[in-house]
Amino acid sequence: ILRNHSSATEFYLLGFPGSEELHYILFATFSFFYLVTLMGNTVIIVIVCVDKRLQSPMYFFLGHLSVLEILVTTIIVPVMLWGLLLPGMQTMSLTACVAQLFLYLAVGTTEFVLLGVMAVDHCVAACNPLRYNIIMNTHTCNFVVVVSWVFGFLFQIWPVYATFQLTYCKSNVVNNFFCDRGQLLKLSCNNTLFTEFILFLMAVFVLFGSLIPTIVSYTYIISTILKMPSVSGRRKAFSTCASHFTCVVIGYGSCLFLYVKPNQTQAAEYNRVVSLMVSVVTPFLNPFIFTLRNDKVIEALRDGVKCCSQLFRN
């Protein structure tokens with residue numbers, strides 16, 4: 001759909017290619033993923049708030065990570081599901097598109113900062129256990145979480161503003177299931193090279209700015225664990241860090257491919273697949289990653305199930 005006017009006031013999301021039957025299959029699949037994501041992360045938030053055994057900085061940060069996972073998937077998936085049920089392209093107003101892109105990027109940025117914080121927290125716990133409660137006290141934890149949220153939302157104001165200051169006169173059809181910045185840049189009739197370069201530098205700053213502390217922290221953690229005389233102690237320490245490390249690999253791996261590219265307007269199919277990893281698959285996997293390898297969380301879940309079953313019996 002081409003427009004003769006200077007800039008678009010609404011966008012059409014192309015969504016997923018394929019037949020109507022394929023769309024129904026995708027709708028059922030992504031609905032399942034979304035519901036499991038909501039339930040899994042909500043359970044983590046509840047048990048972290050309720051269970052006294054989980055009243056420590058590590059689980060405090062995990063609770064906030066679960067909130068972010070719920071938000072990032074809720075920003076994208078309901079719109080995507082609605083688009084799969086529509087016979088044609090999905091219409092999205094300019095305001096809705098701005099809001100979706102901003103919230104998606106802001107929540108994603110906050111999540112990466114928090115992953116870096118969690119790595120440092122693991123490092124302090126492993127390398128300086130005697131002073132852990134002094135260093136990672138309640139005031140420090142609250143301050144770090146507030147800074148992560150504020151930074152994530154403030155940092156993405158200019159990138160989103162710059163994206164929508166461009167003139168969209170080529171088309172207003174976005175070749176993705178959400179307002180993807182890379183595809184929006186393709187629609188602009190302005191020269192976007194400078195904007196793309198600045199966006200690339202900002203993505204590098206966020207991703208590597210949180211990845212470097214993570215790498216340094218895990219270097220110290222591994223060095224400390226290998227010095228432990230007890231085999232069971234080493235196994236327990238590795239098990240504690242393994243869930244966070246797995247989450248880091250999946251999260252950073254996906255976003256490095258998606259955002260850390262000088263050319264932000266890569267192929268639509270590539271964008272679509274990686275965006276699904278970030279907004280659907282990763283939030284779906286994280287509750288399993290953080291619970292299946294964590295004895296304290298498993299014990300808290302068992303106790304919660306027992307309490308619920310007793311309540312229903314009574």
Side-chain angles (χ1 to χ4, degrees), residues 1-20 22-24 26-31 33-35 37-38 68-110 152-153 156-190 192 195-196 199 255 258-259 264-281 283:
I1 299 173
L2 297 175
R3 299 291 187 189
N4 293 324
H5 50 71
S6 60
S7 191
T9 57
E10 61 182 18
F11 293 95
Y12 293 87
L13 305 183
L14 201 57
F16 294 90
S19 63
E20 189 175 337
L22 176 61
H23 282 193
Y24 288 141
L26 291 175
F27 177 84
T29 304
F30 293 142
S31 295
F33 273 60
Y34 182 53
L35 291 173
T37 299
L38 291 182
L68 290 166
E69 295 289 22
I70 289 173
L71 288 176
V72 76
T73 194
T74 300
I75 290 163
I76 301 297
V77 175
V79 175
M80 177 180 70
L81 293 176
W82 179 244
L84 286 168
L85 294 178
L86 295 175
M89 289 185 288
Q90 185 177 5
T91 306
M92 181 174 277
S93 68
L94 178 63
T95 304
C97 197
V98 172
Q100 187 188 51
L101 181 61
F102 173 71
L103 290 172
Y104 176 67
L105 294 175
V107 170
T109 301
T110 305
F153 278 76
Q156 291 298 338
I157 291 174
W158 184 87
V160 175
Y161 173 79
T163 301
F164 288 97
Q165 281 298 299
L166 299 171
T167 304
Y168 296 101
C169 57
K170 292 181 180 177
S171 171
N172 57 351
V173 177
V174 179
N175 193 0
N176 211 328
F177 54 83
F178 74 109
C179 279
D180 175 24
R181 185 170 65 193
Q183 297 306 306
L184 286 169
L185 292 173
K186 275 186 175 182
L187 305 181
S188 174
C189 47
N190 302 105
T192 61
T195 302
E196 288 183 51
L199 294 175
C255 285
L258 187 59
Y259 294 113
Q264 297 283 312
T265 58
Q266 56 263 33
E269 290 302 320
Y270 176 91
N271 269 27
R272 193 177 285 113
V273 171
V274 182
S275 297
L276 279 174
M277 281 291 298
V278 174
S279 60
V280 178
V281 179

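Just so you know, residue 1 is the first one in the sequence shown, and it goes up from there.
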Closest approach of Leu101 to Cys179 (non-hydrogen atoms, all atoms of both residues)
CD1-O, 3.4 Å

Verify side chain to side chain contact (heavy atoms under 4.5 Å, CB included) between Leu166 and Leu185, making sure each step is shown before the conclusion.
CA-CA 8 Å; Leu166 299 171; Leu185 292 173; 3.4 Å; yes

Any side-chain heavy atom of Ser275 within less than 4.5 Å of one from Gln183?
no

Measure across Ala162 and Thr195 and return the closest heavy-atom pair with its distance rounded to 0.1 Å.
CB-CG2, 4.4 Å

Would you say Ser188's side chain and Thr167's backbone share a donor-acceptor pair under 3.5 angstrom?
yes

Note: Leu94 and Phe11 closest approach over all heavy atoms is CD1-CE1, 3.6 Å

Inter-residue atom distance Leu81.CG - Ile76.CD1, 0.5 Å rounding
11.5 Å

Is there a donor-acceptor pair closer than 3.5 Å between any side-chain N or O of Gln90 and the backbone N or O of Val79?
yes

Value for CD (Glu20) from CG (Leu86), rounded to nearest 0.5 Å, stands at 11.0 Å

According to the side-chain hydrogen bond (donor to acceptor under 3.5 Å, both in side chains) rule, which pairs have a member within residues 73-82, sequence neighbours left out?
Tyr34-Thr74

Plane angle bin for Phe16 and Phe177 - parallel if under 30°, tilted between 30 and 60°, otherwise perpendicular:
parallel

Any non-hydrogen side-chain atom of Asn190 less than 4.5 Å from a side-chain atom of Gln165?
no

Should Tyr24 and Leu84 be marked as a side chain to side chain contact (heavy atoms under 4.5 Å, CB included) after you check the CA-CA gap, both sets of side-chain angles, and the distance that decides it?
CA-CA 7 Å; Tyr24 288 141; Leu84 286 168; over 6 Å; no

So which heavy atom on Ile75 is nearest to which on Gln100, and how close?
O-NE2, 3.2 Å

Nearest 0.5 Å, please: how far is CD1 in Ile70 from OG1 in Thr37?
9.0 Å

List the steps and the verdict of side chain to side chain contact (heavy atoms under 4.5 Å, CB included) for His23 and Phe27.
CA-CA 6 Å; His23 282 193; Phe27 177 84; over 6 Å; no

About how many Å separate CG of Leu276 and CG of Asn176, when rounded to the nearest 0.5 Å?
8.0 Å

What's the separation between atom CG in Leu184 and atom OG1 in Thr192, rounded to the nearest 0.5 Å?
11.5 Å

Residue of the set Thr109, Asp180, Val278 for which side chain to side chain contact (heavy atoms under 4.5 Å, CB included) holds with Tyr104
Val278

Between Met92 and Val174, is the side chain to side chain contact (heavy atoms under 4.5 Å, CB included) condition met? List the steps.
CA-CA 10 Å; Met92 181 174 277; Val174 179; over 6 Å; no

Closest approach of Pro159 to Arg181 (non-hydrogen atoms, all atoms of both residues):
CB-NH1, 3.7 Å

Indicate the atoms forming the closest heavy-atom contact of Pro283 with Met277, along with that distance.
CD-O, 4.3 Å

Nearest 0.5 Å, what's the CG-CZ distance between Leu26 and Phe33?
11.0 Å

Side-chain contact, heavy-atom cut-off 4.5 Å: Tyr161 with Val98?
no

